[in-house]
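Written below as structure tokens is the structure these notes are about.
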Amino acid sequence: MSERMHNFSAGPCTLPLSVLEEAQAEFVDYQGAGMSLIEMSHRGKQFVAVHEEAVELVRSVYGVPRDFDVLFLQGGATLQFAMVPMNLLGEGRKGGYVNSGSWGKGAITDAQPYGEIYTAWDGAECNYTRMPESGELEIQPGSRYLHITSNETIGGVRFRDWPQVEVPLVADMSSDYMSRPIPWESFDLVYGGVQKNLGPAGMAMVIVRKTAIEDNNRDIARYLRYDIHSDKGSMFNTPPVFPIYILGKVLKWMQGRGGIEAVAREAEAKADILYQAIDTSDGYYHCPVDVESRSVMNVVFRLPSEDLEKSFLTQAGEEKLLNLKGHRSVGGCRASIYNAMPREGVQALADFMATFRLAHPG
Ligand SMILES: *Cc1c(COP(=O)(O)O)cnc(C)c1O
């Protein structure tokens, strides 16, 4: 095999090598069945076992309470932007939204047709460089939920502390899913595409409080109804079998690393390495995000000029440090360091940042 790169892609992104190798080893002939897992009926006993194990692993690794359902759905996080209000709102029902950047804005846009949508806090005034304090949130009486984006993947901004509010939280957790424990009592629903922290592209994982969907809207297509997916144990139609299978392996890998608390500590340690590299560079590298809101998953930074940024990206590539270009909408650089990014990869980037700065004074 060619040498493995340090892949800082924002998603799809790096996965644990051991998981890839395990999947490779059993890909063609799954446990002596004479066929691949992706060739089997999703209702056969082998896949059903894989599916059930994945759900149980999500529950045990993430500490999901029994009164929540774990659903594996298609359409990515993007479809959830619409499914959440379609199910939980409806005429005359209100949903509050935090506009914390590109993804928060996407959620607001897609919710508009399905209820009374309002912005409880708008990050536009600070150019999306921080998350709000609880006291800044303007929650209207009668709101069904407050929707937040726990980590803005493009802006590199995250909620370090969860909002303390009177209404249930609904959260798009795509880019920091299962990177830290969460206070389940505050949430009615969390969702995210799994292709950042947890597996390959092609699936969203929705974890929803059962009582929150007891009276969800039934006046929509069956696939869009949480209650149906819940009743059918996420087997209403053919589920995304390959992502579910890999998700199970990633979760076992997480268990082997010491579970979610250990993964969270490692994430903080990795992010510290990069923020240190930025903060000790005498302003050569600059992170536009407020210290309190700095993302632990997507570290964004600028160099003194766009020309230097270009050289930085090119030379980083020569050192096997790939996909460090910031999102096209904001420019600059971004290192996505999800759960599966090894600490050595992060250290290699920090070392390269120091070397580059000395070789190219601003
Ligand atoms: C990647 C991402 C999305 C979009 O996810 P898809 O699965 O591609 O629909 C939504 N929200 C956040 C925060 C993301 O990082």
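Indexing begins at 1, ligand by ligand and atom by atom, following the structure's order. Just so you know, these numbers come straight off a predicted model, no measurement behind them.
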Measure from every N or O atom of ligand 1 to the protein's N or O atoms and keep only the pairs below 3.5 Å, writing each with atom names and distance to 0.1 Å.
residue  : atom   : partner : partner atom : Å
ligand 1 : 7 (O)  : A77     : N            : 3.0
ligand 1 : 7 (O)  : Q195    : NE2          : 2.9
ligand 1 : 8 (O)  : Q195    : NE2          : 3.4
ligand 1 : 9 (O)  : A77     : N            : 3.1
ligand 1 : 9 (O)  : T78     : N            : 2.9
ligand 1 : 9 (O)  : T78     : OG1          : 2.5
ligand 1 : 11 (N) : D172    : OD2          : 2.6
ligand 1 : 15 (O) : T153    : OG1          : 2.4
ligand 1 : 15 (O) : K196    : NZ           : 2.7

| request: Quick one: closest heavy-atom pair of L89 and I117, and the distance? | output: CD1-CD1, 3.5 Å
| task | Kindly give the heavy-atom pair with the smallest separation between C333 and L303, and that separation in Å. | result | SG-CD1, 4.0 Å
| request: Spell out, as yes or no, whether a donor-acceptor pair under 3.5 Å connects the side chain of R144 to the backbone of G142. | output: no
| field | S230 versus D69, side-chain donor and acceptor atoms under 3.5 Å | value | yes
| message | Between S174 (side chain only) and G193 (backbone N and O only), is there a donor and an acceptor less than 3.5 Å apart? | response | yes
| task | With sequence neighbours excluded, give me every ring pair (Phe, Tyr, Trp, His ring centres under 6.0 Å) pair touching residues 98-142. | result | none
